[in-house]
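Convention: sequence-line order gives letters A, B, ...; per-chain numbering from 1. Here the structure is a predicted model, which is why all the values come from computation and not from measurement.
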Amino acid sequence: NAGVTQTPKFQVLKTGQSMTLQCAQDMNHNSMYWYRQDPGMGLRLIYYSASEGTTDKGEVPNGYNVSRLNKREFSLRLESAAPSQTSVYFCASRVQTGRQPQHFGDGTRLSIL
Amino acid sequence: AQTVTQSQPEMSVQEAETVTLSCTYDTSESDYYLFWYKQPPSRQMILVIRQEAYKQQNATENRFSVNFQKAAKSFSLKISDSQLGDAAMYFCAYRSTSNFGNEKLTFGTGTRLTIIP
């Protein structure tokens, strides 16, 4: 009964380092999403993937890349981390039918020094 | 683009009392979904309740209910018989039905709810 699993849960990076956040879901969902959450703001969409092999930019894509490795996995990469990318990152997935909601992972707290 | 506004950054309520959290949104679409998510200190995003815009009847889930006013673009959450476990950040979210595959959520900035014992 895992749902959406994100790794790692916490990470500290130095400016300029690279990092990949991993996300996997076991619910056979087609759509997957990456959001960031900053203090005083709601979650904002970074990238999404409607299906295996497709990805598209969301609201705040600059500084990030994504890979939809297969139907289960959707990774988020920071090539050269910047302090402005300090945030909590959430992965979510959803089946593409009607009223079904997005299911969220537990988040990754990322600090860039 | 759609926007979601939560005008109450913080609210507090006495245990066992009722509290209402406000949410307004702006959209030109006629069909969409609205959600309330709860985020406790554990950081999980937990779905509380959902509402389809085409339904006139307000959604209810046990102690949680909404007041959906489509013409006013208002979607408030009422929590009855507040419990200590209800303490959390609550987010209102909007989802369009028009972009198949990118049914992204647009979130408000959240309301932090404190329960007073």
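- Around CZ of Arg112(B), the count of heavy atoms belonging to other residues, nucleotides or ligands within 6.0 Å does not exceed 12.
- By the rule that hydrophobic residues join a cluster once side-chain heavy atoms approach within less than 4.5 Å of another member, Tyr35(A) and Phe91(B) end up as members of one cluster.
- Only the side chain of Leu47(B) comes within less than 4.5 Å of a heavy atom in chain A; its backbone stays farther off.
- The contact between Asp106(A) and chain B is made by backbone and side chain atoms together, counting heavy-atom distances below 4.5 Å.
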Item to complete: For the pair Gln37(A) and Met89(B), evaluate side chain to side chain contact (heavy atoms under 4.5 Å, CB included) and give the outcome as yes or no after the intermediate values.
Response: CA-CA 12 Å; Gln37(A) 183 180 21; Met89(B) 183 74 89; 5.6 Å; no
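- Cation-pi check for Arg43(B) over Phe10(A) is met; the charged atom lies under 6.0 angstrom from the ring centroid and within 45 degrees of its normal.
- Atom CG of Asn70(A) has more than 12 neighbouring heavy atoms from other residues, nucleotides or ligands inside a 6.0 Å radius.
- Residue Tyr25(B) is grouped with residue Tyr90(B) when hydrophobic side chains (ILVMFWY) are merged at heavy-atom distances under 4.5 angstrom, including chains of intermediate members.
- Of the two parts of Arg109(A), the backbone and the side chain both hold a non-hydrogen atom closer than 4.5 Å to a non-hydrogen atom of chain B.
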Discussion item. Show, in sequence, the C-alpha distance, side-chain angles and deciding distance for Gln44(B) and Phe104(A), and conclude whether the side chain to side chain contact (heavy atoms under 4.5 Å, CB included) test is met.
Written reply: CA-CA 7 Å; Gln44(B) 291 178 294; Phe104(A) 286 84; over 6 Å; no
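- Of the two parts of Gln39(B), only the side chain, counted from C-beta on, holds a non-hydrogen atom closer than 4.5 Å to a non-hydrogen atom of chain A.
- Between chain A and the options Ile46(B), Leu105(B), Val4(B), heavy-atom pairs under 4.5 Å are most frequent for Leu105(B).
- Cluster annotation: Ile46(A) and Leu21(A) are assigned to the same hydrophobic cluster (Ile/Leu/Val/Met/Phe/Trp/Tyr, side-chain heavy-atom contacts under 4.5 Å, transitive).
- Within a 6.0 Å radius of NZ in Lys70(B), more than 12 heavy atoms belonging to other residues, nucleotides or ligands are found.
- In terms of heavy-atom pairs under 4.5 angstrom with chain A, the leader among Arg50(B), Gln6(B), Glu52(B) is Arg50(B).
- Of all heavy-atom pairs spanning Tyr37(B) and Gln102(A), the tightest one is OH-O, 3.0 Å.
- In the hydrophobic cluster analysis, where Ile, Leu, Val, Met, Phe, Trp and Tyr join through side-chain heavy atoms closer than 4.5 angstrom, Leu43(A) is grouped apart from Tyr47(A).
- Under a hydrophobic clustering in which Ile, Leu, Val, Met, Phe, Trp and Tyr are joined whenever their side-chain heavy atoms come within less than 4.5 Å, directly or via other members, Val88(A) and Leu110(A) fall into different clusters.
- For Tyr33(B) (side chain) and Pro101(A) (main-chain N/O), no donor-acceptor pair under 3.5 Å exists by modelled atom type.
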